[in-house]
Amino acid sequence: MSLLITGGTGYIGSHTVVEIQMLAASEGKEWDIVIVDDLSNSSTKVLDRIKQITSKSVTFIKADVCDYDAMNTLFEQYDIEAVIHFAGHKAVGESSEKPLNYYHNNVSGTVTLLRVMELHKVKKLVFSSSATVYGDNISPLNETMSTSATNPYGQTKLMIEHILFDLAKSDSDWSIACLRYFNPIGAHHSGLIGENPNGIPNNLLPYVAQVAVGRLAQLQVFGDDYDTVDGTGVRDYIHVVDLAQGHVKALQNLDKITGCKAINLGTGNGTSVLEIVNTFKEISQQDIPYKIVPRRLGDLATVYANADLANELLVESNKKFTNDD
Ligand code: NAD
Ligand code: WQD
């Protein structure tokens with residue numbers, strides 16, 4: 001049986017492909033992996049890197065998940081058992097400049113994928129959601145809290161979650177894990193795959209890394225007057241390999257989920273911007289020049305997960321879970 005991974009040449013997708021091949025094989029469940037990606041934010045070079053790390057090949061199809069005919073042909077060609085759906089655009093700022101692009105790519109792309117899955121009776125899905133759906137709730141954030149969004153990117157994640165919940169309510173054959181990622185960082189220890197954003201990075205860690213190697217002159221720290229340990233913003237940074245392993249666990253535990261379940265993937269710990277900068281400096285032995293600038297519009301002081309549900313569902317128990325409301 002095959003596992004379809006949309007967006008599998010991207011940052012989180014590529015690490016997940018590696019972990020599925022390494023971990024799932026050791027637990028006796030081998031998957032034939034089929035990646036579909038339109039390469040809008042990644043490159044096929046990643047495929048060679050994955051092979052170098054795992055000694056296994058994957059099937060790659062260059063296609064847009066919004067393309068119904070291409071997706072249908074793919075499902076006719078391969079015996080797909082489950083899907084992990086990473087494909088999507090993710091730049092918060094750009095989503096306000098090009099909202100239609102984001103609603104089309106993320107929301108229409110997901111609806112197209114779901115229609116094809118339904119047609120082919122493939123009803124197991126792991127979806128990349130985001131902690132952004134918690135809006136301005138107070139941390140620690142847990143899955144029972146209300147959801148809202150403050151930008152088009154966040155709206156697309158929220159809309160997709162609603163679509164998934166409605167779909168799962170309409171047909172109890174669906175098993176969907178809606179994984180709400182906190183802040184993924186880092187790279188595979190081989191150094192062969194990682195995050196390589198085009199242009200100036202939006203996120204903290206790739207920015208810090210580019211300052212460390214001298215590609216950017218200095219980091220701008222957005223605000224030091226928050227009510228936090230040192231006044232700078234606090235986030236829940238989760239290593240991308242841990243996040244990838246969370247997907248393996250979700251896949252292995254999909255049978256426990258009847259319907260659609262939202263699950264946080266975070267560490268449960270908050271770290272400030274200056275703590276990140278100082279730790280990076282200490283470990284890399286590189287100077288990270290920075291200056292404090294005003295707060296970034298839309299930023300919250302503190303965002304971190306309550307990770308109990310992931311521990312319960314993905315790590316510990318045999319408990320069964322049913323649809324969220
Ligand atoms: P990424 O851009 O590295 O990976 C996404 C991949 O999807 C890319 O390879 C891109 O080429 C592909 N893609 C985009 N639109 C497509 C389409 N229509 N058809 C086929 N392929 C398409 O991003 P990532 O950081 O790996 O994120 C993966 C998923 O996780 C995204 O859905 C993102 O919204 C979500 N997410 C990311 C973060 C984060 O901070 N990185 C946090 C929360 C959620
Ligand atoms: C982290 C902290 C900044 C850059 C974003 C998306 C979210 C999710 C993850 C997809 C904050 C500070 C940052 C810089 C800084 N993505 N910072 N200087 O904003 O928590 O979340 O990525 O779903 O939807 O909004 O992550 O890495 O941008 O910022 O001081 O140059 O670093 O203010 O406190 P964020 P981030």
Side-chain angles (χ1 to χ4, degrees), residues 5-16 35-44 46 61-67 70-71 84-93 95 101-102 104-110 112-113 127-134 149-151 153-154 156-157 160 179-185 193-198 200-208 210-211 216 218-224 226 228 232-238 240 243-244 247 265-266 270-277 290-304:
I5 305 197
T6 77
T9 44
Y11 172 47
I12 305 170
S14 56
H15 288 82
T16 302
I35 292 178
V36 61
D37 201 299
D38 67 357
L39 302 178
S40 55
N41 197 35
S42 56
S43 136
T44 51
V46 167
I61 310 239
K62 182 178 184 299
D64 183 340
V65 292
C66 302
D67 181 341
M71 295 306 290
I84 306 185
H85 180 37
F86 292 105
H89 294 334
K90 63 167 180 178
V92 172
S95 78
N101 197 336
Y102 274 68
H104 173 68
N105 196 59
N106 294 5
V107 182
S108 305
T110 304
T112 302
L113 173 70
F127 171 65
S128 301
S129 188
S130 167
T132 193
V133 301
Y134 288 114
T150 52
N151 56 68
Y153 166 75
T156 68
K157 292 291 170 191
I160 295 167
L179 303 180
R180 293 176 175 165
Y181 313 155
F182 281 69
N183 292 56
I185 56 164
I193 53 173
E195 191 175 17
N196 191 16
N198 294 326
I200 307 233
N202 298 309
N203 294 114
L204 179 64
L205 258 291
Y207 204 110
V208 169
Q210 293 200 14
V211 172
L216 293 169
Q218 70 175 0
L219 171 73
Q220 298 191 324
V221 175
F222 299 137
D224 68 349
Y226 289 108
T228 61
T232 65
V234 165
R235 297 291 182 272
D236 186 335
Y237 298 96
I238 176 165
V240 67
L243 189 74
H247 291 73
L265 285 188
T271 306
S272 77
V273 176
L274 290 183
E275 285 170 336
I276 290 279
V277 170
Y290 69 84
K291 78 168 175 201
I292 308 289
V293 300
R295 293 178 178 194
R296 183 172 67 178
L297 199 70
D299 269 357
L300 298 170
T302 300
V303 180
Y304 63 95

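One-based numbering, in listed order, for ligands and for the atoms of each. Everything quoted here is computed from the prediction, not taken from an experiment.
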Worksheet item: Got a second to check how far Leu265's CG is from Leu179's CG, nearest 0.5 Å?
Response: 4.5 Å
Item to complete: Name the closest protein heavy atom to atom 28 (C) of ligand 1, giving the residue it belongs to and the distance to 0.1 Å.
Response: Phe86 O, 3.6 Å
Worksheet, complete the sentence: Rounded to the nearest 0.5 Å, the CD1 atom of Ile84 sits from the CD1 atom of Ile35 at a distance of 10.5 Å
Worksheet, complete the sentence: Filtering Gly109, Ser14, Ala63, Gly88 for the heavy atom nearest atom 5 (C) of ligand 1 leaves Gly88
Item to complete: Quick one: closest heavy-atom pair of Val234 and Gly270, and the distance?
Response: CG1-CA, 3.5 Å
Fill in: Under-4.0 Å heavy-atom contact with ligand 1, by part of Asn203 that carries it
neither
Worksheet item: Backbone or side chain, does any N or O of Ser40 fall under 3.5 Å from an N or O of ligand 1?
Response: yes
Practice prompt. Please name the residue in the list Ser129, Ser130, Ser128 that meets the side chain to side chain donor-acceptor pair (under 3.5 Å) test with Tyr181.
Written response: Ser128
Worksheet item: Of all the non-hydrogen atoms in the protein, which one sits nearest to atom 18 (N) of ligand 1, and at what distance?
Response: Asn105 OD1, 2.6 Å
Item to complete: Check whether any side-chain N or O of Tyr102 sits under 3.5 Å from a backbone N or O of Gly154 as a donor-acceptor pair, and report yes or no.
Response: no
Worksheet entry | Gln210 side, atom CD; Asn196 side, atom CG - distance, nearest 0.5 Å | 7.5 Å
Discussion item. Between Asp64 and Cys66 (side chain of the first, backbone of the second, donor and acceptor by atom type, cut-off under 3.5 Å), is there such a pair?
Written reply: yes
Item to complete: Would you mind listing which atoms of ligand 1 come within a distance below 4.0 Å of any non-hydrogen atom of Leu39?
Response: 11 (O)
Worksheet item: Which ligand 1 atoms are under 4.0 Å away from a heavy-atom of Ser128?
Response: 29 (C), 30 (O), 32 (O), 35 (C)
Discussion item. With nothing but distance in play, are any N or O atoms of Val65 less than 3.5 Å from an N or O of ligand 1?
Written reply: yes
Worksheet item: When you look at CZ of Phe222, are more than 12 heavy atoms from neighbouring residues, nucleotides or ligands closer to it than 6.0 Å?
Response: yes
Worksheet item: How far is atom 20 (C) of ligand 1 from its nearest protein heavy atom, and which residue and atom name does that atom have?
Response: Asp38 N, 3.2 Å
Fill in: Separation between NE2 of His85 and CD1 of Ile5, rounded to the nearest 0.5 Å
13.0 Å
Practice prompt. For Tyr207 and Ile200, work out which heavy atoms get closest and say how close.
Written response: CE1-CG2, 3.7 Å
Worksheet item: Can you find an N or O of Asp37 that's nearer than 3.5 Å to an N or O of ligand 1?
Response: yes
Item to complete: Report the C-alpha separation of Asp67 and Thr112 in whole Å, then their side-chain angles, then the decisive distance to 0.1 Å, and conclude whether the side-chain contact (heavy atoms from CB on, under 4.5 Å) test is met.
Response: CA-CA 7 Å; Asp67 181 341; Thr112 302; over 6 Å; no
Discussion item. Show, in sequence, the C-alpha distance, side-chain angles and deciding distance for Leu204 and Leu219, and conclude whether the side-chain contact (heavy atoms from CB on, under 4.5 Å) test is met.
Written reply: CA-CA 9 Å; Leu204 179 64; Leu219 171 73; 3.9 Å; yes
Item to complete: Determine whether the side chain, the backbone, both or neither of Lys157 has a heavy atom under 4.0 Å from any heavy atom of ligand 1.
Response: side chain
Worksheet item: Yes or no on side-chain contact (heavy atoms from CB on, under 4.5 Å) for Phe86 and His247, after CA distance, side-chain angles and deciding distance?
Response: CA-CA 11 Å; Phe86 292 105; His247 291 73; 3.5 Å; yes
Fill in: Close-contact set for ligand 1 against Asp64 heavy atoms, below 4.0 Å
17 (C), 18 (N), 19 (N)
Distances only, to 0.1 Å: what are the N or O pairs between ligand 2 and the protein that fall under 3.5 Å?
residue: ligand 2; atom: 18 (N); partner: Gln220; partner atom: O; Å: 2.7
residue: ligand 2; atom: 19 (O); partner: Arg296; partner atom: NH2; Å: 2.9
residue: ligand 2; atom: 20 (O); partner: Asn183; partner atom: ND2; Å: 3.0
residue: ligand 2; atom: 20 (O); partner: Arg235; partner atom: NE; Å: 2.6
residue: ligand 2; atom: 22 (O); partner: Asn203; partner atom: ND2; Å: 3.1
residue: ligand 2; atom: 23 (O); partner: Ser130; partner atom: OG; Å: 2.8
residue: ligand 2; atom: 23 (O); partner: Tyr153; partner atom: OH; Å: 2.6
residue: ligand 2; atom: 26 (O); partner: Asn183; partner atom: ND2; Å: 3.2
residue: ligand 2; atom: 27 (O); partner: Asn203; partner atom: ND2; Å: 3.2
residue: ligand 2; atom: 27 (O); partner: Leu204; partner atom: N; Å: 2.8
residue: ligand 2; atom: 28 (O); partner: Asn203; partner atom: ND2; Å: 3.3
residue: ligand 2; atom: 28 (O); partner: Arg296; partner atom: NH1; Å: 3.3
residue: ligand 2; atom: 28 (O); partner: Arg296; partner atom: NH2; Å: 2.9
residue: ligand 2; atom: 29 (O); partner: Arg296; partner atom: NH2; Å: 3.4
residue: ligand 2; atom: 30 (O); partner: Gln220; partner atom: O; Å: 3.4
residue: ligand 2; atom: 30 (O); partner: Phe222; partner atom: N; Å: 2.9
residue: ligand 2; atom: 33 (O); partner: Asp299; partner atom: OD2; Å: 2.5

Worksheet item: Is there a donor-acceptor pair closer than 3.5 Å between any side-chain N or O of Ser14 and the backbone N or O of Tyr11?
Response: yes
Practice prompt. Give yes if a backbone or side-chain nitrogen or oxygen of Tyr11 is under 3.5 Å from a nitrogen or oxygen of ligand 1, and no if not.
Written response: yes
Discussion item. Does any N or O of ligand 1 fall below 3.5 Å from an N or O anywhere on Ala87, backbone included?
Written reply: no
Worksheet, complete the sentence: atom 40 (O) of ligand 1: closest protein heavy atom, distance to 0.1 Å, is Pro184 CD, 3.3 Å
Discussion item. Among all protein heavy atoms in this structure, tell me which lies nearest to atom 27 (O) of ligand 1, with the distance rounded to 0.1 Å.
Written reply: Ile12 CD1, 3.8 Å
Discussion item. Within the 4.0 Å heavy-atom shell around Ser129, which atoms of ligand 1 are there?
Written reply: 43 (C), 44 (C)
Worksheet item: Between Leu216 and Pro201, which heavy-atom pair has the shortest distance, and what is it?
Response: CD1-CD, 4.0 Å
Item to complete: Could you check atom 2 (O) of ligand 1 against the protein and tell me its nearest heavy-atom contact, residue, atom and distance included?
Response: Asn41 ND2, 2.7 Å
Worksheet item: Just distances here: any N/O of Val36 and N/O of ligand 1 closer than 3.5 Å?
Response: no
Fill in: Option set Phe182, Tyr181, Phe127, criterion heavy-atom distance to atom 44 (C) of ligand 1, minimum
Tyr181
Fill in: Closest protein heavy atom to atom 24 (P) of ligand 1, given as residue, atom name and distance to 0.1 Å
Lys90 NZ, 3.7 Å
Practice prompt. List every atom of ligand 1 that sits less than 4.0 Å from any heavy atom of Tyr153, numbering the atoms from 1 in the order shown and giving each element.
Written response: 33 (C), 34 (O), 35 (C), 36 (N), 44 (C)
Item to complete: Output yes when a side-chain donor or acceptor of Thr271 lies under 3.5 Å from a complementary backbone atom of Ile276, and no otherwise.
Response: no
Worksheet item: When you measure from atom 4 (O) of ligand 1 to every protein heavy atom, which one gives the shortest distance, and what is it?
Response: Gly10 CA, 3.5 Å
Worksheet item: Between atom CG of Asn105 and atom OG1 of Thr156, what is the distance when rounded to the nearest 0.5 Å?
Response: 9.0 Å
Item to complete: Could you list which atoms of ligand 1 come closer than 4.0 Å to a heavy atom of Ser42?
Response: 8 (C), 9 (O), 11 (O)
Discussion item. If you measure every N or O of Ser130 against every N or O of ligand 1, does any of those distances drop under 3.5 Å?
Written reply: no
Worksheet item: Among side-chain atoms of His89 and Ser95, is any donor-acceptor pair under 3.5 angstrom?
Response: no
